[in-house]
2 protein chains.
Amino acid sequence: MVTRDEVAREAGTSTAVVSYVINNGPRPVSAAARKRVLDAVAKLDYRPNELARSLSSASSSVIGLIVPDVTNAYCGELALAVENSALARNHTLLLGNAMHDDERQARHLQTFLAQQVQGIVFIGSTYGDEMFRPETKRVLQGSKTPLVFLDRSTTEFGATSVLVDNRGGAYAATSHLLEHGHTSIAGFAGSSGLSSVRERRDGWADALIARGLDPADQQTFESAFDRYDAFAVARVMFANGNWPRAIFSHSDEQSIGIFYAAAQAGIRVPEDLALVSFDGIKEAAIVNPGLTTARQPIARVGELAVDQLLAAKAGTPSELRQEMLPVTLEIRHSCGCH
Amino acid sequence: MVTRDEVAREAGTSTAVVSYVINNGPRPVSAAARKRVLDAVAKLDYRPNELARSLSSASSSVIGLIVPDVTNAYCGELALAVENSALARNHTLLLGNAMHDDERQARHLQTFLAQQVQGIVFIGSTYGDEMFRPETKRVLQGSKTPLVFLDRSTTEFGATSVLVDNRGGAYAATSHLLEHGHTSIAGFAGSSGLSSVRERRDGWADALIARGLDPADQQTFESAFDRYDAFAVARVMFANGNWPRAIFSHSDEQSIGIFYAAAQAGIRVPEDLALVSFDGIKEAAIVNPGLTTARQPIARVGELAVDQLLAAKAGTPSELRQEMLPVTLEIRHSCGCH
DNA sequence: TTGAAAGCGCTAACAA
DNA sequence: TTGTTAGCGCTTTCAA
């Protein structure tokens, strides 16, 4: 392994100068010296040891990302968006799947902290109504590592969050179904406890109320934010003779589970059941029928997450904190359009 | 931040002793001293800096994982399997999505190397018939970092691989379709250049030949290993009046894309089109109809990948290298059964 | 503009 | 069984 010392020797300079040119600072370097160093670097194929750099500079180019489960299409797309954004800023991702297990989440968290990550991005982290169990909270409280929550508004632990207009999106989606003439719209919600679920439920209720309908009169269902659990819940739902004719589902993943259950039960979408949902994952465009959904700006969310993290580390009291991103209703055919 | 020095002071021992108890070696420590250290650690809530440990010990608890695209269900499940396995051995994952872009892949690779990862696991890495572009090869050649290829047999760069019985699985899947009485079976292949694609194509051909059928007489299609590209290819396929009545598709992801295209074209599975595929992702069980597929032991693949990596680092000339894992035909309804 | 040198937090060889 | 100490590869202060 080639080290900085060898480069310095080859270039005939001190090791400090090598650092100055590699880091482009903090001291100026003469053009001649810079060239000699660069030549030596090329000749020896020198690659700085990031570990040593981080240790010495007390800063790292690694960002931790904790997701519930990458296997989930929405999480996967978000993780990819975060990676794209991290890459653009010369950072890498340490990934942890929490798998809806708070012990596993805590473990990832501690590992990331021990690895001296630059910051940690959390996606949809919640256990019960609390975000973390007490032990985890203590760890977080004692750390100065920047935290960013996606889709979860909180300023605990000095965290920042990237928010999307859950309530507005749910309102738009539900209203669209109402405009199709439906007079009752079931709510197929994500796991309670999540603020996004509360907000989407509120948007759905708002839309009903705006039409003089009572949310309390509607059927409601609940499943985890994934196609498998939604599939299981939907099967039970369809087994009941009285299944709803219109549904606002809290996520595309859940909608896909509902689609599968409907297909199995011989129920046609949108003829027998109209469906709209939330997220706007890629798959919404190719499922049959195309899924009408309130689309989140996923790429933008990933971008802001990394921006906020780096701003927090830099100590910049970013105006980005708690920004609320817009959600757009993407109309396809599951709602009955066409 | 609490350091080892503070722990030593609190425990009234030397810093070496603190290291010995934390690392459980390499020197023995008296029970009394151990207790004092442990108490100090607990009292101060000390957490070792992994960066410093790695730098000093020239070994790391981080493993790099390069996948084509986590957004792909198969990749996601494999990534999760690798994480599970890494977690069980107290390691963490640095994740990189190559996105079918060799420059991006090379970048991840270099970053991982700079981060001094313990080793790198590659999933389905191929560009053209080569695995890497020349520049990347040079980097790899110059590195002593253990490499593990999933589903790609090679011993270049001193790498190890975890193989599955692609040919046998494809043979079993195709044969099953043949037993249903089909006299021609189209091949819906993954991207050429991948060894797994070659092997699955061979297995399909073997089965046809065993029945006296000529593979050259069959229709063949090709798409990337994902539902989106398969969807696009399948749409064109169905637009042609002469679409096949039985297909062996190289992956479940592709089968799902075919399902979507079929649904859109009003083609029923399995009545109008019988389908079998490969991989055995979770979703195969809930799609409609259930997907008959040659299932890979995904969890076991992830386990072996990490085992081989750590064995390689330890210098253990592992007997695990190049092990070939069995594939099981999982019969559901897409083939026409029931 | 450059160089010498003191760390960053930890491991482990060596001496006791 | 314990302590001292020399690094690991790099950053950055301080003096030149």
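Each chain gets a letter, A, B and so on, in the order the sequences are listed, and its residues count up from 1.
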d([atom1], [X]; [atom2], [N]) in whole Å:
{"X": "A:Asn23", "N": "D:dG9", "atom1": "CG", "atom2": "C1'", "result": "12 Å"}
{"X": "B:Ile22", "N": "C:dG9", "atom1": "CD1", "atom2": "C1'", "result": "11 Å"}
{"X": "B:Leu44", "N": "C:dG9", "atom1": "CG", "atom2": "C1'", "result": "15 Å"}
{"X": "B:Leu55", "N": "D:dC8", "atom1": "CG", "atom2": "C1'", "result": "4 Å"}
{"X": "B:Arg9", "N": "C:dG9", "atom1": "CZ", "atom2": "P", "result": "12 Å"}
{"X": "A:Gln115", "N": "C:dG9", "atom1": "CD", "atom2": "P", "result": "16 Å"}
{"X": "A:Asn49", "N": "C:dC8", "atom1": "CG", "atom2": "P", "result": "18 Å"}
{"X": "B:Gln116", "N": "D:dC8", "atom1": "CD", "atom2": "C1'", "result": "10 Å"}

Exercise. Reading nucleotides 1-7 of chain C from the 5' end, what letters show protein touch, with B for base, S for backbone sugar-phosphate only, - for no heavy atom under 4.0 Å?
Worked result: BBBBB-B
For this session: Using a heavy-atom cut-off of under 4.0 Å over every strand shown, decide if B:Asp5 touches base, sugar-phosphate, or nothing.
Result: nothing
Exercise. Using a cut-off of 4.0 Å on non-hydrogen atoms, how would the nucleic acid contact of B:Ser19 be classed: base, sugar-phosphate, or nothing?
Worked result: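 Result for B:Ser19 = base.
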Go through the side-chain N and O atoms of [X] and [Y] and say whether any donor and acceptor fall under 3.5 Å apart.
{"X": "A:Gln115", "Y": "B:Ser61", "result": "yes"}
{"X": "A:Gln296", "Y": "A:Tyr74", "result": "yes"}
{"X": "B:Ser85", "Y": "B:Arg89", "result": "yes"}

For this session: Quick one: pull up CG in A:Leu51 and CD in B:Glu50 and give me the separation to the nearest 0.5 Å.
Result: 9.5 Å
Exercise. Out of curiosity, A:His108 NE2 to A:Asp101 CG, how far, rounded to the nearest 0.5 Å?
Worked result: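 These two atoms lie 9.0 Å from each other.
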For this session: Kindly give the heavy-atom pair with the smallest separation between A:Arg104 and A:Ala98, and that separation in Å.
Result: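 Nearest pair, atom of A:Arg104 first, then A:Ala98: CB-O, 3.7 Å.
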